[in-house]
2 protein chains.
Amino acid sequence: MANLDGFFKSAFTVDNVIFGFDDGDLKILLIKRGEEPFLDYWGLPGYFVYPDENLDAAANRVLEELSGLKDVYLEQVKTFGAVDRHPAGRVITVAYYSLVKISDYKLNASSIAQKAKWFSIPKVSELPFDHSEILEACFNRLKRRVRTRPIGFELLPPKFTLTELQHLYESILETKLDKRNFRKKILAMNLLVDLNETQEGVAHRPARLYQFDGEKYEDLFSKGFNFEL
Amino acid sequence: MANLDGFFKSAFTVDNVIFGFDDGDLKILLIKRGEEPFLDYWGLPGYFVYPDENLDAAANRVLEELSGLKDVYLEQVKTFGAVDRHPAGRVITVAYYSLVKISDYKLNASSIAQKAKWFSIPKVSELPFDHSEILEACFNRLKRRVRTRPIGFELLPPKFTLTELQHLYESILETKLDKRNFRKKILAMNLLVDLNETQEGVAHRPARLYQFDGEKYEDLFSKGFNFEL
DNA sequence: ACATTTAGTGTATTTACTACACCCTGCCCC
DNA sequence: GGGGCAGGGTGTAGTAAATACACTAAATGT
């Protein structure tokens with residue numbers, strides 16, 4: 001084998017765009033950095049990948065250390081490797097996004113995050129490193145993916161109303177949707193279970209609650225069914 | 001800044017799935033490896049990324065060293081980083097695919113490639129490292145991308161017939177398409193220029209030749225037009 | 001000239017998409 | 001306890017897009 005020592009001087013990190021949905025708004029979780037560079041800036045959660053750690057595992061670890069959550073939806077999006085993107089040397093980063101139910105989320109005290117906070121996406125301004133570019137790539141990926149895979153449900157509590165679901169899609173896709181057409185289409189797929197329960201304590205007519213039937217989806221999917229919204 | 005030295009001991013490579021279309025078949029370019037590990041195996045072209053080189057540049061370099069081609073369509077797909085994927089240490093690889101016109105392709109003698117050869121995709125068997133997985137990911141990406149972006153033309157000579165174009169789509173999508181509906185749809189987009197020329201020297205009725213109008217596409221695209229096939 | 005091979009064309013049917021407005025139900029407040 | 005308020009919930013008609021389908025045309029080779 002040729003001498004490759006000169007190549008083994010790089011590092012890589014994972015960065016994770018963590019999406020949540022709350023209060024009718026799509027949000028992402030940012031942390032106030034506790035280390036240089038960019039000390040005290042709000043940035044994407046991320047960290048170096050350990051030598052004996054797979055990439056997906058590293059992305060999961062970052063998420064779990066920060067939030068305590070396991071088994072969340074996680075998808076690799078793109079790798080960013082501009083030569084000068086990190087001051088400490090050659091560091092490429094593998095960007096992931098994940099979808100969490102904000103109701104499950106519980107902030108963990110953590111060495112890498114002094115403070116974490118949910119931000120509505122339009123309110124996110126310039127981020128350190130190339131994190132703005134990473135956010136954009138992940139958001140774009142989510143926009144496309146959410147139309148062809150039933151991953152929106154990862155952002156909602158187990159029981160949800162059709163209006164909540166519609167608002168979720170509206171904030172991801174950044175459009176308005178027609179109520180009747182939306183309901184027609186989503187119900188026609190037969191992937192929602194009507195729980196015969198209604199909201200409580202709302203100051204208006206309570207809405208019916210539904211649940212997503214993941215098993216049924218898997219079954220249909222394996223037979224060639226394509227979710228499409 | 002905390003001591004991060006322990007992290008700066010990794011390397012990364014790019015691997016490139018180079019697609020071509022010839023003889024009615026979608027093909028990929030493999031090289032017979034000239035180095036350990038996996039000496040003499042057919043594998044994907046790829047190499048280490050130099051310390052001062054961006055990722056896209058490295059993928060372009062690999063392609064150019066091998067084929068002499070510049071300015072080809074290139075897209076990053078996914079990064080593979082299993083801990084044990086490379087015997088020389090921790091090496092993650094960023095997978096790209098590229099689309100070349102086989103007619104332009106001219107084999108370059110190269111240190112990393114003793115020999116290169118086009119393989120029809122179904123005839124590709126097990127590849128070294130995780131290259132089979134990489135191929136699958138890139139092929140899947142191409143299948144999706146080709147339906148929503150006019151990138152198929154990158155694989156055809158500048159002048160082509162509608163039948164050639166249809167066969168190209170059929171071999172990427174691995175389906176049969178209806179001739180009349182295909183022509184109706186593609187011509188309705190008004191992105192093909194009828195050159196008023198016909199094939200010569202064919203033992204049947206010669207077909208008209210068309211050219212893809214990339215400028216027109218860019219113009220329409222910027223106004224919200226979506227290619228969709 | 002005739003057999004072979006691929007090129008090229010139109011219509012009818014079905015299916016999916018879009019646009020659109022009113023009544024219902026429960027709570028709150030006066 | 002009656003009226004107002006705030007969403008919840010429902011159907012149809014028109015339009016556009018997708019599909020299925022079969023014959024004639026033009027060149028070459030024998």
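Worth knowing before you read on, the calculation uses all heavy atoms, side chains too, and leaves out hydrogens, waters and symmetry mates.
Under 4.0 angstrom from either OP1 or OP2 of D:dG8 there lies no side-chain N or O belonging to A:R208. Between A:R180 and C:dA19, a side-chain N or O to OP1/OP2 separation shorter than 4.0 Å is absent. Contact between the side-chain N/O atoms of B:T163 and the OP1/OP2 oxygens of C:dA7 is found at a separation under 4.0 Å.
The separation between B:E200 atom CD and D:dA27 atom C1' is 12 Å, rounded to whole Å. The NZ atom of A:K185 sits 13 Å away from the C1' atom of C:dT15 (whole-angstrom rounding). Between the NE2 atom of B:H204 and the P atom of C:dC2 there is a distance of 23 Å, rounded to whole Å. Between the CG atom of A:D194 and the C1' atom of D:dG8 there is a distance of 13 Å, given to the nearest Å. Remark: P of C:dC28 and CZ of A:R205 are 17 Å apart, rounded to the nearest angstrom. Distance, A:L177 CG to C:dA19 C1': 14 Å, rounded to whole Å. Rounding to whole angstrom units, CZ of residue A:R183 and C1' of D:dG7 are separated by 10 Å. Atom CD1 of A:I186 is separated from atom C1' of D:dG9 by 16 Å (rounded to the nearest Å).
For the pair B:K185 and B:F182, the NZ or CZ position fails the cation-pi test of under 6.0 Å to the six-membered ring centre and within 45 degrees of the ring normal.
Nearest-nucleotide positions on DNA chain C place A:K179 closer to the 5' end than the other of A:P206 and A:K179. Sequence order on DNA chain D of the closest nucleotides to B:E228 and B:D178 puts B:E228 first from the 5' end.
Between A:F129 and A:F38, the ring center distance clears the sub-6.0 Å criterion. When ring centroids are compared, A:F139 and A:Y97 stay outside the 6.0 Å threshold. You'll find the ring centres of A:F221 and A:F225 outside the 6.0 Å limit.
For the residue pair A:Y47 / A:D15, no side-chain donor-acceptor distance below 3.5 Å is found, with atom types taken as modelled. Side-chain N/O atoms of A:Y73 and A:E75 include a donor and acceptor closer than 3.5 Å.
Among the heavy atoms of the strands lying under 4.0 Å from A:A207 are primed sugar atoms or P, OP1, OP2 only; no base atom is included.
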Could you list all N or O pairs between the protein and nucleotides 12-16 of chain D that sit under 3.5 Å apart?
unit_1 : atom_1 : unit_2 : atom_2 : d
D:dT12 : O4     : A:K184 : NZ     : 3.0

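Salt bridge A:R33/A:D40: absent, no basic N to carboxylate O contact under 4.0 Å.
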